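None of the values given here were measured: they were computed from a predicted structure.
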Amino acid sequence: MLALAASDGTIRQQPLSLGQLVGWNLHGPRRCIGTWNGETRRQQLCPHRHPIEVDASASQCPPCQAADPGRRFARGDDLTDPRTFGLYLAWFAPGLIKVGLTAVDRGNDRLTEQAAIAFTWLAEGPFPAVRRAERLISGLGEFGESVRRDRKVSAWWHLGEPQQRIEQLRDAWHRTVPQIAGDARLTVARPRMCDLADTYGLNTRPSPAREIGALRADVTLVGRISAVAGSDLILDTIAGPGLLNIRTLAGWTLTRADVRGAAAPPMRALNLVGTHEQNVPETLF
């Protein structure tokens with residue numbers, strides 16, 4: 001789902017699907033997108049209407065970054081969240097697995113947001129206990145707490161067979177769970193392995209896509225979506241396959257470009273940031 005910001009600060013959602021033909025016109029200047037409260041943007045996107053550099057990876061001005069509840073949570077500033085949290089292992093490339101946590105009520109959203117190719121749950125419990133377990137596992141030195149985007153994307157062109165990543169995850173589950181099983185505040189999950197490569201459209205990519213950069217005002221992007229994972233789209237364009245980081249669109253005013261005459265075939269819908277209702281295949285061990 002792509003969020004389109006109107007000039008009055010309201011947000012419209014544009015569904016995105018594999019096989020869909022899309023087109024956007026970019027209008028400037030690029031401005032701060034405001035703060036996120038977990039469900040909807042504030043109607044006034046940014047009280048300062050702060051300009052953002054066209055090449056900046058961040059789409060928030062410093063005051064909005066400081067006020068954003070999601071960023072405060074990511075920094076570990078809020079230890080009072082009453083929700084139940086889940087601890088997971090996420091596979092991104094051969095030998096590259098990270099440990100992370102997310103609120104259980106978000107389902108698989110966090111995994112699809114970060115483009116995990118496969119994942120398994122380890123345990124669930126209150127935030128302090130899950131965060132403590134996350135630090136313990138990352139402290140072992142084998143599993144980090146973050147993976148850079150360039151490492152994720154470069155792995156897409158040689159993912160290997162699904163069974164290989166499932167076996168790596170299964171082995172990692174059996175090595176990590178004994179480290180946290182003694183915490184009475186945690187409920188250990190059964191070893192359930194989920195693979196998402198087909199869901200993203202990445203199992204059939206034949207060759208790397210060229211990065212789409214140099215976004216400026218008055219640029220038009222048109223292409224057919226052949227893959228989407230996390231915040232990245234692969235668009236088949238007249239210039240060949242292009243890799244588009246959706247975050248680079250944040251802060252621009254977007255209008256739909258005319259793409260009539262090349263209707264997309266009906267394909268299954270895919271939400272850019274995941275959905276609780278998404279049908280995720282599972283392999284049980």
Side-chain angles (χ1 to χ4, degrees), residues 18 85-104 106-125 130 133-134 136-181 186-208 226-232 234 267-285:
L18 293 176
F85 283 78
L87 185 70
Y88 63 82
L89 292 175
W91 189 100
F92 293 93
L96 183 59
I97 299 175
K98 65 154 282 188
V99 61
L101 61 82
T102 184
V104 169
R106 296 198 67 206
N108 299 330
D109 285 5
R110 180 59 185 145
L111 283 308
T112 54
E113 281 176 354
Q114 58 189 317
I117 302 300
F119 71 93
T120 185
W121 297 103
L122 295 176
E124 65 178 49
V130 173
E134 180 187 37
L136 188 155
I137 292 173
S138 66
L140 299 176
E142 185 178 0
F143 311 109
E145 295 183 30
S146 63
V147 178
R148 297 196 317 268
R149 173 181 175 265
D150 61 332
R151 298 193 68 185
K152 296 179 186 179
V153 172
S154 64
W156 289 358
W157 323 122
H158 46 83
L159 289 177
E161 295 300 319
Q163 188 61 28
Q164 294 175 334
R165 46 187 177 264
I166 291 299
E167 289 176 356
Q168 286 192 17
L169 271 176
R170 179 191 59 197
D171 292 344
W173 186 95
H174 284 291
R175 292 198 306 275
T176 53
V177 162
Q179 306 294 326
I180 61 175
L186 295 176
T187 300
V188 174
R190 59 176 177 160
R192 176 183 299 173
M193 314 299 155
C194 301
D195 194 89
L196 299 171
D198 275 338
T199 304
Y200 299 146
L202 289 175
N203 262 342
T204 58
R205 289 305 306 177
S207 60
S226 63
V228 54
S231 61
D232 283 288
I234 296 178
M267 299 285 283
R268 53 198 168 95
L270 182 64
N271 189 318
L272 273 177
V273 296
T275 171
H276 298 162
E277 300 173 356
Q278 192 168 359
N279 183 22
V280 178
E282 298 176 352
T283 303
L284 302 181
F285 294 86

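For the pair Ile180 and Leu186, the tightest heavy-atom approach, listed with the atom from each and the gap, is O-CD1, 4.0 Å. What you find for Leu159 and Ala197 is that their closest heavy atoms are CD1-CB, 4.3 Å. Trp173 and Ala189 get closest at one heavy-atom pair: CZ2-O, 3.0 Å.
Annotation for Arg151: atom CZ does not count as buried by contact number, only 12 or fewer foreign heavy atoms lying within 6.0 Å.
Leu111 CG to Arg106 CZ: the interatomic distance, rounded to the nearest 0.5 Å, is 10.0 Å. Rounding to the nearest 0.5 Å gives a distance of 12.0 Å between NZ of Lys98 and CD1 of Ile137. Note that the CG atom of Leu89 and the CG atom of Asp171 stand 11.5 Å from one another [nearest 0.5 Å]. From Arg165, atom CZ reaches atom CE of Met193 across 14.0 Å, with rounding to the nearest 0.5 Å. Rounding to the nearest 0.5 angstrom, the gap separating the CG atom in Leu87 from the OG1 atom in Thr176 is 8.0 Å.
Not counting sequence neighbours, the partners of Trp91 by the side chain to side chain donor-acceptor pair (under 3.5 Å) test are Gln168. Arg149 meets the salt bridge (charged side-chain N to carboxylate O under 4.0 Å, His left out) test with Glu211, Asp232; sequence neighbours excluded. Under the rule for a side chain to side chain contact (heavy atoms under 4.5 Å, CB included), the partners of Lys152 that lie at least two apart in sequence or sit in another chain are Phe92, Gln114, Val147. With sequence neighbours excluded, the residues forming a side chain to side chain contact (heavy atoms under 4.5 Å, CB included) with Glu145 are Val99, Arg131, Glu134, Arg135, Ser138, listed by chain and number. Under the rule for a side chain to side chain donor-acceptor pair (under 3.5 Å), Thr102 has no partner lying at least two apart in sequence or in another chain.
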Going by atom type alone, with no hydrogens or angles, which donor-acceptor pairs under 3.5 Å involve a side-chain atom of residues 115-125 and a protein atom two or more places apart or on another chain?
| residue | atom | partner | partner atom | Å |
| --- | --- | --- | --- | --- |
| Thr120 | OG1 | Arg192 | O | 2.8 |

